[in-house]
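Working notes for the structure below.
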Protein chains: 2
Amino acid sequence: MEKTLKKVDILIVEDEAPIARLMEIHLQRAGFSIALCGDGHQACQLLEQNHYRLLLLDRMIPGLRGLDLLRWLRKQKSLKKMPVIMVTALAQTEERIRGLNEGADDYLPKPFEPDELLARVKALLRRSNHQHLKVNQSIIDVDNDAQEACVQGERLHLRPLEFKLLQRLMKKMGKVRSRQYLLDHVWGINSFVEERTVDVTIKRLRKTLDKYGLGDCIVTVRGSGYRFDNKIKP
Amino acid sequence: MEKTLKKVDILIVEDEAPIARLMEIHLQRAGFSIALCGDGHQACQLLEQNHYRLLLLDRMIPGLRGLDLLRWLRKQKSLKKMPVIMVTALAQTEERIRGLNEGADDYLPKPFEPDELLARVKALLRRSNHQHLKVNQSIIDVDNDAQEACVQGERLHLRPLEFKLLQRLMKKMGKVRSRQYLLDHVWGINSFVEERTVDVTIKRLRKTLDKYGLGDCIVTVRGSGYRFDNKIKP
DNA sequence: CATAAGCTGTCATCTTCGTGTCATGTTAAA
DNA sequence: TTTAACATGACACGAAGATGACAGCTTATG
């Protein structure tokens, strides 16, 4: 369906290199792009400085224990919603539940089948139903279930139309959307508003994003429409 | 008006006072309310006359041996489903299995780590058809079997519809539920009430939750429906 | 059986908030 | 410069939701 290449980045935190490599291979083959890390503290740094869509976290890693890392993660404003799969050899039920209690979204027993790894990753990404995006230093996160958008973990107050508009523009980054297209998909095919109305709603959306220095994400393409862009100059 | 009696979450049956106290402290810190008892026969009385959500049972207690108490418990109609964690210094596998055979749901070796105690309690509560959730400082606990909900161990007086509504909203945290969805799943697919009725029931549910400062958990999503949220600003 | 108490659906009213339009200012292309 | 395209602020209407009252109905209680 979508031609958009998978901009999905997965961070694998795993100290046993062969296993990490195995994961990497299988996930790359499925089209994901991967970052590896073998140390807990380093992982924190990476998570703070970069942006990943999913975290594969081994329970037993040097530096910080997996659970500690997870707990830390859930306390970070901008990371608390990140999907996490715990990887551990401790297959006992109570251990698993303990991980889930701490906020892991899923659990992968070790040793694992490549297929199971892939299935869980895909399932979790599907389940999380978020769109996120890194613009300069900020992360925009659109939660389609909750119908809310966050920047750096801070909830934006978006009105229904503004939210749908953002959703629609982010759906296909960088593609220009005509006013008519937006009217059809955001307002609905059978609404009777004039094209200029789009301008006003774009304005309102921009105003909110501006509070986070992201107003320029929405680029006007004269004569054509609007486009969402993450390569803006600060 | 105040028919809501204080409800105790966990009964600890343990004759060694320091250990009992230790358990109490850690569980209270996690938001549970605790009752203590050092004698087997007295424990039976308490169990008959009060209502607990979980039983922490030491194997070696005066009056009745732990296993006897457990056996008795499983014969009582109203108690046979109660979640029980056996606490014992006898860490041998066969002893453990014996306890489980008699109907203990889980097993805690003595001495124990506070974390493990907590993890097992939480895990067992979860397994036994409860949903619980931490919002700010409060714990909301929904017991799907007993059809009742508690905040900080205090039983909420919820009318049937309100309870089902809460259940449904908590089932998938943070997901927006449309009025129609709620009508279908709370009122039932073939009921003939209008959508506005949902508003009123939400209002009534909120009013109850408000007594615990949790009224804001249920967020209105204009144009879409309602959503249960645990990220509320205090 | 009668009465009280408790649930729930509907309605009327009030409040808040979202949105479309217009008038005017600004920008960019030709 | 000229002009069409877009930005922006103001405003008013109306929709969506909140709230309180009430009546019908069921269930406990005597």
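Below, chain A is the first sequence line, B the second, and so on; all start at residue 1.
Ion pair B:K122/B:D141 not flagged as a salt bridge, since none of the NZ, NE, NH1 or NH2 atoms sits closer than 4.0 Å to an Asp/Glu carboxylate oxygen. A salt bridge is absent between B:R204 and B:D210; no separation between the charged side-chain nitrogens and carboxylate oxygens falls under 4.0 Å.
In this structure, B:K203 atom NZ and C:dC14 atom C1' are separated by 14 Å, rounded to whole Å. Computed from coordinates, the A:Q147 CD to C:dG18 P distance equals 14 Å when rounded to whole Å. The distance between atom CZ of A:R196 and atom P of C:dC22, rounded to the nearest whole Å, is 13 Å. Taking atom NZ of residue B:K207 and atom P of nucleotide C:dT8, one finds them 15 Å apart after rounding to whole Å. Straight-line distance from the CG atom of A:D199 to the P atom of C:dC22: 14 Å, rounded to whole Å.
In this structure, the side chain to side chain donor-acceptor pair (under 3.5 Å) partners of A:E162, at least two apart in sequence or on a different chain, are A:R159. With sequence neighbours excluded, the residues forming a salt bridge (Lys or Arg N to Asp or Glu O under 4.0 Å) with A:R179 are A:D199, listed by chain and number. Annotation: side chain to side chain donor-acceptor pair (under 3.5 Å) contacts of B:R21 (sequence neighbours excluded): B:E24. With sequence neighbours excluded, the residues satisfying salt bridge (Lys or Arg N to Asp or Glu O under 4.0 Å) with A:R227 are A:D229. Every residue was checked against the salt bridge (Lys or Arg N to Asp or Glu O under 4.0 Å) condition with A:K207, not counting sequence neighbours, and none meets it. Applying the side chain to side chain donor-acceptor pair (under 3.5 Å) rule to B:K172 yields the partners A:D145; only residues at least two apart in sequence or on another chain are considered. B:D184 pairs by the side chain to side chain donor-acceptor pair (under 3.5 Å) definition with B:Q180, not counting sequence neighbours.
For C:dA5, the OP1/OP2 oxygens have no side-chain nitrogen or oxygen of B:H157 closer than 4.0 Å. Phosphate proximity of C:dT21 to A:T197: present, with a side-chain N or O under 4.0 Å from OP1 or OP2.
Once you apply a 4.0 Å limit to the heavy atoms of chain A, the touched nucleotides of DNA chain D run 5' to 3' over D:dA4 to D:dA10.
Across all strands shown, A:L161 has heavy atoms under 4.0 Å from sugar-phosphate atoms exclusively, and none from any base. A:F163 comes within 4.0 angstrom of no nucleic acid atom, judged by non-hydrogen atoms across all strands. Looking at heavy-atom distances under 4.0 Å, B:R204 makes contact with a base.
Contacts between residues 186-195 of chain B and DNA chain C, counted as heavy-atom distances below 4.0 Å, involve B:W187, B:F192, B:V193, B:E194.
Of the candidates C:dC22, C:dG18, C:dG9, the closest approach to any side-chain atom of A:V200 belongs to C:dC22. Taking every side-chain heavy atom of B:P160 into account, C:dT8 is the closest of C:dT27, C:dG20, C:dT8.
For the ring-ring contact (aromatic ring centres under 6.0 Å, His included) condition, the pairs that include at least one residue of residues 120-173 of chain A, sequence neighbours left out, are A:H51-A:H132. The stretch residues 186-216 of chain A participates, sequence neighbours left out, in no ring-ring contact (aromatic ring centres under 6.0 Å, His included) pair at all.
One end of the helix from C:dC1-D:dG30 to C:dA30-D:dT1 points its axis 30° away from the other end's axis, with each axis taken from 5 pairs and the angle rounded to 10°.
Each of B:E162 and B:R222 was assigned the nucleotide of DNA chain C with the nearest heavy atom; the assignment lying further toward the 5' end belongs to B:E162. Looking at which nucleotide of DNA chain D each of A:Y226 and B:G225 is closest to, the 5′-most match is held by A:Y226.
Using a distance-only test at 3.5 Å, with no hydrogens or angles considered, no donor-acceptor pair links the side chain of B:R168 to the main chain of B:Y181.
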